[in-house]
Amino acid sequence: MMDKLLILEDDRPMNLALKLYFEKAGYVVYPAFRVSEAAQILEKADVDLLIADIGLPGRSGLDFVRGLLKERKMPVLFLTVRDEEQDILNGYEAGCEEYVVKPISPKILLKKTEAILRRNRGGENLFLYHEEVENGLRMAVLLNTEG
């Protein structure tokens, strides 16, 4: 099954470049240029990850994500030029799992996307805490159940 991404970015060349890059990597991509378009897509499609800009026409990406996450659980990655500490804190407080400042290498963005999807995919990676006291040390063990 191919993961589905919703890219909410008002810069058309950037949105389409991301769409092509992620499609080449094997994702289904829904591009949206305005919050209203993203909302319509989410009504119809089962999306696995939202990649959203913050500075959007009409309504900010922060406001959209705050409202969205009150209604449904969905991982969010903010991809924005806003790099001030308060902007980043606002992004995490809105509920994003990752806050990425543009420009970023597409390869790194892809790896961040894969990591978010892996963390949110139930059952493929099981993190177990196993306490073994040996010489006074506690150990955490990760069991990977992927194929």
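Following chains of ILVMFWY side-chain contacts shorter than 4.5 Å, one cannot reach Tyr92 starting from Ile104, and the two form parts of different hydrophobic clusters. Residues Tyr30 and Leu56 fall within the same hydrophobic cluster, defined by Ile, Leu, Val, Met, Phe, Trp and Tyr side chains chained together at heavy-atom separations under 4.5 Å. A continuous path of Ile, Leu, Val, Met, Phe, Trp and Tyr side chains, each step under 4.5 Å between heavy atoms, connects Met14 with Ile51, placing both in one hydrophobic cluster. Under the 4.5 Å side-chain heavy-atom criterion for grouping Ile, Leu, Val, Met, Phe, Trp and Tyr, Ile41 is not connected to Val29 through any hydrophobic cluster. A single hydrophobic cluster is not seen to contain both Tyr99 and Leu117; linkage of ILVMFWY side chains at heavy-atom distances under 4.5 Å, directly or through other members, places them apart.
The heavy-atom pair separating Val65 from Ala94 by the smallest distance is CG1-O, 3.7 Å. Across all their heavy atoms, Met74 and Leu50 have their closest contact at SD-CB, 3.8 Å. In plain terms, the two heavy atoms of Leu18 and Ile7 that are nearest each other are CB-CD1, 3.7 Å. Taking each heavy atom of Ala32 and Ala38 in turn, the nearest pair found is CB-N, 3.6 Å. Here the closest non-hydrogen pair linking Val47 and Lys4 is CG1-O, 3.6 Å. Shortest non-hydrogen contact noted between Cys96 and Phe78 is CB-CD1, 3.4 Å.
Rounding to the nearest 0.5 angstrom, the gap separating the CD atom in Glu37 from the CG atom in Asp10 is 10.5 Å. Distance CG/Leu68 to CG/Asp63: 12.5 Å, rounded to 0.5 Å. Rounded to the nearest 0.5 angstrom, Leu89 CG and Glu84 CD are separated by 11.0 Å. Rounding to the nearest 0.5 Å gives a distance of 5.5 Å between CZ of Phe22 and CG of Leu110.
More than 12 heavy atoms of other shown residues, nucleotides or ligands fall within 6.0 angstrom of atom CZ in Arg72. Surrounding NZ of Lys111 are at most 12 heavy atoms belonging to other residues, nucleotides or ligands under 6.0 Å away. Within a 6.0 Å sphere centred on CD of Gln86, heavy atoms belonging to other residues, nucleotides or ligands number more than 12.
In this structure, Asn120 contributes its side chain and Ile116 its backbone to a donor-acceptor pair below 3.5 Å. Judged purely by atom type and a 3.5 angstrom limit, Asn15 uses its side chain to pair as donor or acceptor with the backbone of Glu9.
In this structure, Glu97 and Leu49 have side chains that are not in contact, with every pair of non-hydrogen atoms separated by 4.5 Å or more. In this structure, Val35 and Leu8 have side chains that are in contact, with non-hydrogen atoms separated by less than 4.5 Å. Thr113 places a side-chain heavy atom less than 4.5 Å from the side chain of Tyr27. Contact of the Leu77 side chain with the Leu109 side chain is registered, since non-hydrogen atoms from C-beta on lie closer than 4.5 Å. In this structure, Leu6 and Leu42 have side chains that are in contact, with non-hydrogen atoms separated by less than 4.5 Å.
A salt bridge does not link Glu114 with Arg118: none of the charged nitrogens is closer than 4.0 Å to a carboxylate oxygen. Taking the charged nitrogens against the carboxylate oxygens, Arg121 and Asp3 do have a contact shorter than 4.0 Å, which makes a salt bridge.
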request  = May I have the step-by-step check of side-chain contact (heavy atoms from CB on, under 4.5 Å) for Asp53 and Leu79, ending in yes or no?
outcome  = CA-CA 5 Å; Asp53 192 3; Leu79 179 61; over 6 Å; no
inquiry  = Run Val100 and Lys112 through side-chain contact (heavy atoms from CB on, under 4.5 Å) and show every step you take.
reply    = CA-CA 9 Å; Val100 177; Lys112 287 180 178 290; 3.7 Å; yes
ask   = Would Asp83 and Lys102 count as a side-chain contact (heavy atoms from CB on, under 4.5 Å) if you check the C-alpha gap in whole Å, the side-chain angles of each, and the deciding distance to 0.1 Å?
value = CA-CA 9 Å; Asp83 62 353; Lys102 300 179 215 174; over 6 Å; no
